[in-house]
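Counting convention: from 1, in listed order, for ligands and their atoms alike. Keep in mind that this is a model prediction, so the values were computed, not measured. What you see below is based on every heavy atom in this structure, not just the backbone, and it leaves out hydrogens, waters and symmetry mates.
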Amino acid sequence: MTIKVYGTRLSPFVEKVVRGLQLKKLDYQLIEPKTPMDLAKANPTTGKMPVVEIDGERIYDSTFILRRLDELEPNPPLLSDDAMTAANQRQLEDWADEALYWYTMAFRWTERNGRRTANQILASAPAILRTLLVPLVKRKIGGMAKAQGMGRLPEDVLEREYAGRLEDLERLLGNRDFFYGDRPSVADLAVYGQLSMGDNDVTPETRQAIRARPKLVEYLKRVEQATGG
Ligand SMILES: N[C@@H](CCC(=O)N[C@@H](CS)C(=O)NCC(=O)O)C(=O)O
């Protein structure tokens, strides 16, 4: 199989897919967009990353990509054989992608963190373009957290709620190595992607919240080990 992944591992969704590929020991080539325009060209359907090309077939959205990978390379499987456990894993994947993501996005685009975030996103853009693109990216991507709603919460409320969700994750994990099972699934790949975005010095608030939870830190190391380090 020839696999190309368009995106940067700064994106939790790209990280999720890359770790899924590594778990399945599939070789891939990572192609990083330099500007938002490159991304729109690579994925005209949704304009988001990741998008992958597998032997010429283009697939967008991390969830659909992992599902297709599981069809093409069933080993190891990304869902439990037990239907109820698999349902829980899919649901946690969806929650991580569609809810947990926005907590970190809200922190990334606060007054304090917004400029750092924009510079991080544009780090590989040519220097003259970068100056022009910073306000654009702040408005376009930063505006999404406001539109979604999480970006309107006061920071202390956001911090309290984020800590609460991390605590919930520890509870859901219980004494198992991975969510709802003893091998990694789509749930672990999705949660790992989101927490790795949170464990970044662009957002000291989320980094501290994660690092204050040794059980979660151990869990993240476990996912890393299982997915190629
Ligand atoms: N549901 C999508 C979400 C992908 C997504 O939101 N990607 C972001 C990066 S973290 C993106 O490409 N944003 C650029 C944009 O919206 O213009 C997935 O799971 O792949």
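- Ring orientation note: the planes of Y219 and F179 are nearly perpendicular, at an angle over 60° on the 30°/60° scale.
- In terms of protein heavy atoms, atom 20 (O) of ligand 1 is closest to S62 N, 2.8 Å.
- The closest approach between a heavy atom of L39 and any atom of ligand 1 is below 4.0 Å.
- The single protein non-hydrogen atom nearest to atom 2 (C) of ligand 1 is D61 OD2, 3.4 Å, given as residue, atom name and distance.
- Salt-bridge annotation for R171 and E167: present, with a side-chain N of the basic residue lying under 4.0 Å from a carboxylate O of the acidic one.
- Residue M197 places every heavy atom at 4.0 Å or more from ligand 1.
- Between K221 and E224, none of the side-chain N atoms (NZ, or NE/NH1/NH2) sits under 4.0 Å from a carboxylate O, so this pair counts as no salt bridge.
- Atom 11 (C) of ligand 1 has its closest protein heavy atom at M49 N, 3.9 Å.
- If you number the atoms of ligand 1 from 1 as listed, the ones under 4.0 Å from a heavy atom of F13 come out as 3 (C), 4 (C), 5 (C), 6 (O), 7 (N), 10 (S), 18 (C), 19 (O), 20 (O).
- A salt bridge between E93 and K16 is present, with a side-chain N of the basic residue lying under 4.0 Å from a carboxylate O of the acidic one.
- Taking 4.0 Å as the cut-off between side-chain N and carboxylate O, D70 and K24 count as a salt-bridged pair.
- Atom CH2 of residue W95 and atom CD of residue Q194 lie 9.0 Å apart, to the nearest 0.5 angstrom.
- The hydrophobic cluster containing L79 does not contain F178, counting ILVMFWY residues as joined when their side-chain heavy atoms lie under 4.5 angstrom apart, directly or transitively.
- Within ligand 1, the atoms closer than 4.0 Å to a non-hydrogen atom of P50 are 20 (O), numbered from 1 in the order shown.
- Classification of E15 and R19 as a salt-bridged pair holds, one side-chain N sitting under 4.0 Å from a carboxylate O.
- Among all protein heavy atoms, the one lying closest to atom 9 (C) of ligand 1 is S11 OG, 3.7 Å.
- Remark: minimum distance from atom 6 (O) of ligand 1 to any protein heavy atom is reached at K48 CD, 3.4 Å.
- At least one heavy atom of Y101 sits less than 4.0 Å from an atom of ligand 1.
- The distance from ligand 1 to the heavy atoms of P12 drops below 4.0 Å at these ligand atoms: 10 (S).
- Residues E159 and F107 are in side-chain contact: their nearest non-hydrogen atoms beyond the backbone lie under 4.5 Å apart.
- With hydrogens left out, the protein atom closest to atom 17 (O) of ligand 1 is K140 NZ, 3.0 Å, a heavy atom.
- Counting heavy atoms closer than 4.0 Å to ligand 1, residue M144 contributes side-chain atoms (C-beta onward) but none from N, CA, C or O.
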